[in-house]
Amino acid sequence: MPSIKDIMQTMEYGPAPESNAEVKAWLSARSAGIGHFIDGRFTSAAGDLIDVVNPATEDVIGRVAKGTADDVDAAVAAARAAFHEWSALPGHERAKYLYAIARHIQKRERFFSVLETMDNGKTIRETRDIDIPLVARHFYHHAGWAELVADAFPQHRPVGVCGQIIPWNFPLLMLAWKVAPALAAGNTVVLKPADLTPMTAHAFAELLVEIGLPAGVVNIVQGDGETGAAIAGHSDVDKVAFTGSTDVGRLIRRQIAGSGKKLSLELGGKSPFIVLEDADLDAAVEGVVDAIWFNQGEVCCAGSRLLVQEGVAPRFFDKLKARMATLRVGDPLDKTMDMGAVVSMKQLSRIKTLLKAGEEEGATLNLAPVALPEKGAFCTPGFFTDSHPANSVSQVEIFGPVAATLTFRTLDEAVALANDTRYGLAASLWSENVNRAIELAARVKAGVVWINATNMFDAAAPFGGYRESGYGREGGRAGMLEYLTTGWDKQGKVRAASAAPIDVAPATGKADRTAIDVTAKLYIGGKQARPDGGQSYTVYGKAGAAIGEAGLANRKDVRNAVEAANKATAWGGVTAHNRAQVLYFLAENLDQRRDEFVAALAATGTVAKPEEEFEAAIRRCFWYAAQADKFDGAVTATKSQHVTMTVNEPFGTIGVVAPDEAPLLALLSLILPAITMGNRVVAVASQAHPLIAARLYQVFETSDIPAGVVNLLTGERDVLAKTLAEHDDVAALWYCGSEDGSRMVEVASAGNLKPVWSDLGRLRDWLDPRFGQGQEYLRRASQVKTIWLPYGE
Ligand code: NAD
């Protein structure tokens, strides 16, 4: 035992272990094994049990069942049975349950903190001060949404039974992020924790019994990836919410393609942490501690790529080394530790393999001079220098306490490096110059941006990614919408089997043409373009007469159109007011050609009321022009001395695939919301009635729509849709076609994980504004970026 004099001399921390006696007793009472929580009851742990290991001690602290397909069936059946009553409860009644959960979490805060630390290896400081308080905060916030849901989201209803699959890095917090909004909205839940960290979910189920939550509302099935796949693929699950790796996110996307299940994915990241030369370097160094060493770096939004402006880089790295030397790594139950153990020995060896690869590629690994405990999955914190953008450590998620570093000279270079990743989860920006910081915040492609801060979370602040970090948001209003539906987009009758077949041979029947032979071309980059393959197909109108030819676009044309769209980036920076003006001008120009369009619609032989369709198209232009500067973001109440902004940003290039019904109105109804929000569009016009598109581009040409903002293709719908779905530079896709086509595009979209809005081949009444236009379109045309801006000293 050191004397006070010794302590004063060394200023070393003494040990300050948190007692785990109660948790050990709880674990030992469950040593026979932990089963599932289904329909309000705990099943006994049967079959092959999975050992649960405390990674800090390597002790087996329990055993957990591996859910089978039968277990999943039983859990889904219980959730389905409970759904009717739970969803019919007044919001206020559901709010009372959520409030009770929040209160009970708070009352058991210490218990949950210790249990989480023993299960996961993360420090007690973190579970006690961050994870568990945030869990309580999440349930409080969503008790509020339960109370308000009917007023705040009119015309919405809960989705149904939600299958939720979570990872091991924030076990109870991820559970809260999933369960709280689902219950607030009136859904019921089947949740699977990660098999490495099942304990707090089990204790949470016990807490649900304690507060008297009706049986079946929350079901917890323990198990591994196979169990997860059984939940995601279950035919009676209406929504899948997944947090985990991008690879598994992709598998799930493919697995449930065409099922109509709602899907949200919170996946991996390789988030930039950008230090400008005018940053408060000491504050930024503390930021790194929270960015990459917090939670042993096992954080999806970890600042794992440190981008430092060249002038300050050597000084910054020196400061970082000095700070790193003071980090304390060891027994996570010791309250003085900065870092505990990583989640498992397997994860430790995965991290080590990646670090070795980094060194082999020439990067220098700077490690903290800390002594690690002899036993346990402890990892030395550090950072790479001399790493390059293409190095594996700069691109691959290490999911451990080591960052890659890169330097840059200019703001443009910083932006280019920051966005040089397939992910887009978060970014942390350090500058004392608010103009530069906000400019960077706007230009970085990430769902969450922290200015002079990092890894801040709040239940009111939407969290989620761009690009391969997934889609959907958790938290706040945007998070609630993931658990609600209006359902209108998939309710119509099934569309007739297929669009008219493509006929490239000379038409032999009687033609019904205007005097001058017109061949509709494609419209790419603001110019009319002949199809790459040099082919046209015959378009048939009334009574099957040939009324013209349309260009038969191929994959190359799609690629050209996407390229043109990707060049038109300036559109995203045009003010909302100016975008509105363009839309009004479009309406004006369209109206001048009313007779011509009405005649062209009539000539299709399938439009019952051409005048009505045309009039609706004009109104639609006005409606979106009106929305351009009104569908905006918000300032969200999170922490004190923070302005937390949610901004609706465009995706970039959106692919839209129009159906055959309402050939003018449907096409415009898909294009307008996308460009209203600042996206560029590659649109595939109705396969059967493509001549309208040719008339439309003549109007676009005269309406001040910059070249490349709208590109129009005609041809075989599903061939073009597939190319759009597979294209890495198409950021989102809306598909109106067939049931098979919906499945096809959802599978094909898994490559870059673009969000797909498909209609399962259901007819839509485009004339009815409840279906043909609305905020749902604008929401689908934008992604929420949450920007945290703390203020004060
Ligand atoms: P993982 O994808 O292997 O596992 C996550 C969960 O999915 C686990 O419960 C696992 O059992 C289950 N699972 C595995 N295969 C499955 C399948 N085929 N079908 C259904 N479920 C399946 O990921 P992990 O290694 O446990 O977690 C780390 C990853 O999670 C990291 O990549 C990290 O970035 C990511 N993550 C993301 C967020 C976020 O919000 N974006 C948050 C935490 C973690």
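Remember, it's a predicted structure, so these values are computed and weren't measured experimentally. Ligands are counted one by one from 1 in listed order, and the atoms in each one are counted from 1 as well.
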Query raised in the report: atom 34 (O) of ligand 1: which protein heavy atom is closest, and how many Å away?
Result: Glu397 OE2, 2.6 Å
Query raised in the report: Which residue owns the protein heavy atom closest to atom 13 (N) of ligand 1, what's the atom, and how far is it?
Result: Gly225 CA, 3.6 Å
Query raised in the report: In terms of residue, atom name and distance, what is the protein heavy atom nearest to atom 12 (C) of ligand 1?
Result: Ile165 CG2, 3.6 Å
Requested in this report: Tell me, please: is Phe463 in heavy-atom contact with ligand 1, that is, under 4.0 Å?
Outcome: yes
Report summary line: The atoms of ligand 1 lying under 4.0 Å from a heavy atom of Lys192, numbered in the order shown, are 8 (C), 9 (O), 10 (C), 11 (O)
**Report entry** Proximal atoms of ligand 1 relative to Gly268 (non-hydrogen, under 4.0 Å)
**Finding:** 34 (O)
Query raised in the report: Hey, is Glu746 close enough to Arg253 for a salt bridge, meaning N to O under 4.0 Å?
Result: yes
Report task. Provide the number and element of each atom of ligand 1 under 4.0 Å from a heavy atom of Thr243. Result -> 5 (C), 36 (N), 37 (C), 38 (C), 39 (C), 40 (O), 42 (C), 43 (C), 44 (C)
Query raised in the report: Which residue and non-hydrogen atom of the protein lie closest to atom 21 (N) of ligand 1, and at what distance in Å?
Result: Gly228 CA, 3.5 Å
Report summary line: Scanning both residues in full, the closest heavy-atom pair of Thr786 with Ala461 reads CG2-CB, 4.0 Å
Query raised in the report: Can you list the atoms of ligand 1 that are under 4.0 Å from a heavy atom of Asn169?
Result: 43 (C), 44 (C)
Report task. Would you mind listing which atoms of ligand 1 come within a distance below 4.0 Å of any non-hydrogen atom of Gly244? Result -> 2 (O), 5 (C), 23 (O), 29 (C), 30 (O), 35 (C), 36 (N), 37 (C)
Requested in this report: Check Phe294 against Ile130 and note the closest heavy-atom contact, atom names and distance.
Outcome: CE1-CD1, 3.6 Å
Query raised in the report: Under a 4.0 Å N-O cut-off, is there an ion pair linking Lys270 with Asp420?
Result: no
**Report entry** Glu226, portion touching ligand 1 at heavy-atom distance under 4.0 Å
**Finding:** neither
Query raised in the report: Please walk me through it: do Ser392 and Glu361 pass side chain to side chain donor-acceptor pair (under 3.5 Å)?
Result: CA-CA 8 Å; Ser392 58; Glu361 283 171 331; 2.8 Å; yes
Query raised in the report: Any salt bridge between Arg125 and Asp338, counting N to O under 4.0 Å?
Result: yes
Query raised in the report: Is the backbone of Ala232 close enough, under 3.5 Å, to the side chain of Lys261 for a donor and an acceptor to pair up by distance?
Result: yes
**Report entry** Over all atoms of both residues, closest heavy-atom pair of Ala182 and Gln164
**Finding:** CB-NE2, 3.6 Å
Query raised in the report: To which protein heavy atom is atom 27 (O) of ligand 1 closest, and what is the distance rounded to 0.1 Å?
Result: Pro167 CB, 3.5 Å
Query raised in the report: Would you say Phe242 touches ligand 1, if touching means a heavy atom closer than 4.0 Å?
Result: yes
Query raised in the report: Looking only at heavy atoms, what is the nearest atom pair of Ala78 and Asp39, with distance?
Result: CB-CB, 3.7 Å
**Report entry** Taking atom 40 (O) of ligand 1 as the reference point, the nearest protein heavy atom with its distance
**Finding:** Glu266 CB, 3.2 Å
Query - Proximal candidate to atom 19 (N) of ligand 1 [heavy atom criterion; set Ser344, Cys300, Ala229] - result: Ala229
Query raised in the report: Which of the atoms in ligand 1, numbered in the order shown and given with their element, are less than 4.0 Å from a heavy-atom of Ser245?
Result: 1 (P), 2 (O), 3 (O), 23 (O), 29 (C), 30 (O), 32 (O)
Query raised in the report: Heavy-atom contacts under 4.0 Å between Leu267 and ligand 1: side chain, backbone, both, or neither?
Result: backbone
Report task. Provide, to 0.1 Å, the distance between atom 16 (C) of ligand 1 and the closest protein heavy atom, together with that atom's residue and name. Result -> Val248 CG1, 3.4 Å
Report summary line: Scanning both residues in full, the closest heavy-atom pair of Leu348 with Ala377 reads CD2-CA, 3.9 Å
Query - Distance filter under 4.0 Å to Leu425 heavy atoms, resulting ligand 1 atoms - result: 41 (N)
Query - Polar proximity ligand 1 side, Phe399 side, N/O cut 3.5 Å exclusive - result: no
Requested in this report: Name all pairs fulfilling the salt bridge (Lys or Arg N to Asp or Glu O under 4.0 Å) condition that reach into residues 44-57, sequence neighbours left out, sorted by first residue then second.
Outcome: none
Query raised in the report: What pairs with Phe112 under ring pair (Phe, Tyr, Trp, His ring centres under 6.0 Å), at least two apart in sequence or on another chain?
Result: none
Query raised in the report: Of the choices Leu251, Asp247, Ile166, which has the non-hydrogen atom that lies closest to atom 9 (O) of ligand 1?
Result: Ile166
**Report entry** Within 6.0 Å of NZ in Lys445, more than 12 heavy atoms from elsewhere
**Finding:** no
**Report entry** Contact check: Glu474 vs ligand 1, nitrogen or oxygen atoms, below 3.5 angstrom
**Finding:** no
Report summary line: Checking heavy atoms under 4.0 Å, the part of Thr246 that sits near ligand 1 is neither
Report task. Decide whether a cation-pi geometry holds between Lys122 and Phe170; the criteria are a distance under 6.0 Å from NZ or CZ to the six-membered ring centre and an angle within 45° of the ring axis. Result -> yes
Query raised in the report: Is there a nitrogen or oxygen of Trp168 sitting under 3.5 Å from a nitrogen or oxygen of ligand 1?
Result: yes
Report summary line: On a heavy-atom basis, the closest approach of Phe399 and Cys300 is CE1-N, 3.7 Å
Query raised in the report: Do any non-hydrogen protein atoms sit less than 4.0 Å from atom 4 (O) of ligand 1?
Result: no
